[in-house]
Amino acid sequence: MALTILGIETSCDETAAAVYQTDGTIKSSFLFSQVALHRQYGGVIPEVASRSHLEKINIIVEQALKNAGISLDQVDIIAVTSKPGLPGSLLVGLCFAKALAWAKNKKIIGVNHLEGHIYSSYLEHKVPFPHLCVAASGGHTSLYLVEGFGEYTLLGQTLDDAAGEAFDKVAKLIGLGYPGGPEIERYAQQVAFKDFFNYPRSKIKSLDFSFSGLKTAVLYDLVKRGAYDMATKTFLKPHDNQLKQQVASSLLVCITDIFLNQLSRALKQFPSVKAVTLVGGVACNKYIRQQFTHLCKKKNVDFYTPSPKYCTDNAAMIAFVGSYMAQHDQYNDLDLDIF
Ligand code: KG4
Ligand code: ZN
């Protein structure tokens with residue numbers, strides 16, 4: 001008989017809960033995004049995030065159960081994100097999950113948030129093993145070789161900023177809204193994703209990534225064009241829509257090229273891989289998805305990427321990881337910690 005898993009995710013700025021069954025059905029996936037709360041600060045404020053989780057966690061879990069048409073008594077296992085993330089935020093979800101597990105005598109599983117992203121494609125697709133996974137979000141940018149459920153090797157990761165962070169920082173630089181990724185995509189689309197400024201592509205020999213130099217390159221290029229004042233940290237052309245479009249488009253093309261370069265290199269190093277997945281918030285980007293599709297077609301490997309709602313933080317991916325961990329009896333005790 002299929003087991004029912006309640007997933008809980010509070011590692012950053014989304015309070016999320018989901019119900020997943022081991023027969024492969026997503027019964028519900030529900031969340032509250034704090035993005036509007038953090039927008040005024042241009043980034044996530046940890047203290048604000050954890051207090052908002054505390055306020056919302058009960059309502060979100062109740063709603064996820066309601067949407068799934070079940071009561072808490074019908075849940076077999078609670079899977080909760082236990083690392084990595086903002087400590088204050090993680091603690092809210094973990095303590096809530098522990099309290100439920102203790103009061104209702106349920107089994108509990110601590111799930112690694114990044115593992116959640118790595119397997120998020122499986123919520124909708126049967127992805128063959130072995131495959132390469134590019135995970136890109138606001139906090140992480142990594143490349144994995146994935147050989148089975150729970151069997152993955154880190155091949156490379158960002159040495160400085162995450163890709164999403166580069167989008168967010170450059171967007172802030174030219175006065176676009178938060179989060180920057182979707183804004184950059186919107187402006188880039190208006191000029192058909194052309195590369196105007198040919199920003200430098202990082203020349204890393206390994207499978208790692210680096211994006212902080214790119215942000216600096218954009219900054220210096222703006223200064224050179226008389227569009228940014230370093231002394232006052234001010235963007236001097238807030239009404240120049242064309243410049244914003246050109247910066248956004250050039251940045252998006254450059255970041256995509258960096259991904260494609262590293263992916264090509266990894267495909268060469270691991271010729272036995274059957275597929276590629278692209279996951280995490282940055283995977284919402286239609287241009288990046290399209291370019292990955294083209295490259296994979298050329299290299300003769302399948303390409304999978306989740307629907308946008310499963311690219312960004314969600315609890316369905318946490319419940320999914322919980323489902324295979326449960327099948328291997330990888331349960332935790334109530335002393336489960338966040339690190
Ligand atoms: O996975 P996620 O929701 O949260 C983290 O775990 O960080 O990722 C958020 C990041 C942000 O940096 C945001 O700018 C980026 O994903 N993002 C995008 C797009 N949508 C979200 N980046 C590029 N293009 C997008 N359409
Ligand atoms: Zn995430």
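The first residue of the sequence shown is numbered 1, and numbering continues consecutively from there. These numbers come from a predicted model, not from an experiment. When a ligand or atom number is given, it counts from 1 through the structure's own listing order.
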- Message: Using a 4.0 Å cutoff against the non-hydrogen atoms of G281, which atoms of ligand 1 qualify?
- Response: 1 (O), 2 (P), 8 (O), 16 (O), 17 (N), 18 (C), 19 (C), 20 (N), 21 (C)
- Is the shortest distance from a heavy atom of G139 to ligand 1 less than 4.0 Å? yes
- Min over I184, I288, D313 of heavy-atom distance to atom 6 (O) of ligand 1 lands on D313
- Message: Which of the numbered atoms in ligand 1 are under 4.0 angstrom from any heavy atom belonging to G164?
- Response: 12 (O)
- Task: Please assess E62 against K66 for the test salt bridge (charged side-chain N to carboxylate O under 4.0 Å, His left out), listing each intermediate value before the final yes or no.
- Result: CA-CA 6 Å; E62 274 184 351; K66 196 169 166 203; over 6 Å; no
- Task: Run down the list A166, A135, G181 and name the one with the heavy atom closest to atom 25 (C) of ligand 1.
- Result: G181
- Hey, do the aromatic rings of F129 and H131 have their centres closer than 6.0 Å? yes
- Note on the structure: Taken by chain and residue number, the protein N/O/S atoms under 2.8 Å from the Zn ion (ligand 2) read H113 NE2, H117 NE2, D313 OD1
- Item | Distance-only polar pair, side chains of D160 and S210, donor-acceptor under 3.5 Å | yes
- Taking only non-hydrogen atoms of E185 and a 4.0 Å limit, the atoms of ligand 1 in range are 25 (C), 26 (N)
- Just say parallel, tilted or perpendicular for the rings of F303 and F292, cut-offs at 30° and 60°. tilted
- Item | Of the listed options G116, S11, G138, closest to atom 7 (O) of ligand 1 (non-hydrogen atoms) | G138
- Enumerated ligand 1 atoms positioned under 4.0 Å from heavy atoms of F167: 22 (N), 23 (C)
- Can the ring centroids of Y41 and Y178 be said to lie less than 6.0 angstrom from one another? no
- Between H113 and D313, is any side-chain donor less than 3.5 angstrom from a side-chain acceptor? yes
- Query: Backbone N or O of G139 within a donor-acceptor pair of the E165 side chain at under 3.5 Å?
  - Reply: no
- Could you tell me if the ring centre of Y304 sits under 6.0 Å from that of Y310? no
- Item | Salt-bridge present (D240, K244; N to O < 4.0 Å) | no
- Message: Heavy-atom distances under 4.0 Å decide this one: backbone, side chain, both or neither, for D168 against ligand 1?
- Response: side chain
- Just need the protein heavy atom nearest to atom 24 (N) of ligand 1, so name the residue and atom and give the distance. N285 ND2, 2.9 Å
- Message: Could you check whether Q327 and T22, counting side-chain N and O atoms only, form a donor-acceptor pair closer than 3.5 Å?
- Response: no
- CG/L252 to CD/E185 distance, rounded to the nearest 0.5 angstrom? 7.0 Å
